[in-house]
Amino acid sequence: MSDVKVRFAPSPTGWMHIGNTRTAVFNWLLAKKLGGKFLLRIDDTDVLRSKKEYEEAILDVLVWLGLNWDEQARQSERIVRYDEVVAKLKDEGRIYACYETAEELEVMRKKLMAQGRPPIYDRGALKLTKEDVARYEAEGRKPHYRFKLLPGAIEWDDMVRGRIHYDAANLADPVIIREDGSYLYHLPSVIDDVDFGITHIIRGEDHVTNTAAQIQMFEALAGKSPIFAHLPLLTGKEGKLSKRLGSLGVRELRAEGVENLAICSFLAKLGTSEAIEPFNDLTSLAESLDLTKLGRSQPKFDEQELKLFNSKFVRQMSFENVAERVSVKRDFWEAVKGNLDTVIEAEKWHKVCYEEIVPDMEDAELTAMAADLLPDEPWSENTYGEWMGLVKTHTDKKGKELFHPIRKALTAQDCGPELKILLPFIGRERAYNRLKGKKA
Ligand code: GLU
């Protein structure tokens, strides 16, 4: 085992959607590829918005996707540790108390914007005298706290975006503790990444600016930073992240019959220079991982494309991969899979073939005649063609006029797998009765 360790750090403030699933997939695959570990960290410092049901759903989805974790942590259980680090950073002058109200900050922000200047906090709090602070405290104001950035360049080599440069002068000191004493995301995340020995952080590019500030936190705490990879965010078809996409739940996709490995295969290759192909196990998908193949532009995520890919995925699945989930036998699976969009549809066609149906009689005369021409068993995939050849010599009907009534009588469905495939499973007796209009 290498010393590589990654983490997936969801906030349990919503359902697992396609965007954070993609982050989880990339982290997991990188750990697997490099022989490292995967930590699941629940970022639940926001007590008001964090919900147990969201957390359970996240775990559920990860398990279903096969993204198992080696270790688990929860930020709400680590507050004592965060307080300890904060005390040290306060002593070192890297964390300072601020007394501005939200309204005052907003006024300052607007003023700067009106002057055409970036809305960067002016560090007014560092100029407060003891008397100012005493006055604020007497007024009942509670401080919030900021992390003080040191001047200079902040640079890193991003596994996706290449060399990145920031000037600390263009960044505001991030607020790390709210007035009510609760922690914001930035610092706890860094403390955890240091304490848990995280070596690589893959997350969305919406975190790039956070990373710049966090690099100084990493340096203050550990003298070095992990390796970063910022993934271009997914966009919707229309160019911006649609509401549906932002909230497109993996649970819904699962309920609609999208395969776990189809989702992982799709997300791992979307926006890369590689073709999206089915991978039937996560290990081979991990071996194929190459973050340098990710483009810089935001990939479009199209739910319809995923569904189409899912059909392709299902159609190449071996019986071994579905045997535990379906009641059909190997020969049936192999026969019908080429026509399925979801695995579970195999059950539907199994029922059509083996359980009683009420035939739909579109042309009773035609199908009754066809019934009398059914060949003797044993039947194979050639039977249908031979039988139809015979039927055609007894009627002028052809094309849809001929095939559709036969299909409706045999299956009571408008469309489906080819009849030459279904017919041997339906068998002569049932086929005969159905063609004659009897329940069978
Ligand atoms: N909880 C944070 C989020 O969901 C984690 C970000 C990170 O990976 O550092 O955005």
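First listed ligand is number 1; within each ligand, the first listed atom is number 1. We count residues from 1, following the sequence as given. It should be emphasised that the depicted structure is a prediction, and the values quoted were computed from it without experimental measurement.
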Nearest to [atom], what protein heavy atom do you find, and at what distance?
atom: atom 10 (O) of ligand 1; answer: His207 NE2, 3.0 Å
atom: atom 5 (C) of ligand 1; answer: Ala9 O, 3.2 Å
atom: atom 8 (O) of ligand 1; answer: Arg7 NH1, 2.7 Å

| query | Salt-bridged, Glu256 to Lys307, with N to O below 4.0 Å? | reply |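 Yes, Glu256 and Lys307 are salt-bridged.
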| Taking all non-hydrogen atoms of both residues, which atom of Lys33 and which atom of Glu287 are closest, and how far apart? |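 Closest heavy-atom pair between Lys33 and Glu287: NZ-O, 3.5 Å.
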Are [X] and [Y], when compared by the centres of their aromatic rings, separated by less than 6.0 Å?
X: His200; Y: Phe26; answer: no
X: Phe332; Y: Phe425; answer: yes
X: Trp15; Y: Tyr54; answer: yes

Any idea which atoms of ligand 1 are less than 4.0 Å away from a heavy-atom of [X]?
X: Asp43; value: 1 (N), 2 (C), 5 (C)
X: Ser11; value: 1 (N), 2 (C), 3 (C), 4 (O)
X: Arg203; value: 7 (C), 8 (O), 9 (O)
X: Ser189; value: 9 (O)

| field | Evaluation steps, side chain to side chain contact (heavy atoms under 4.5 Å, CB included), between Val326 and Glu347 | value | CA-CA 7 Å; Val326 291; Glu347 299 282 4; 3.5 Å; yes
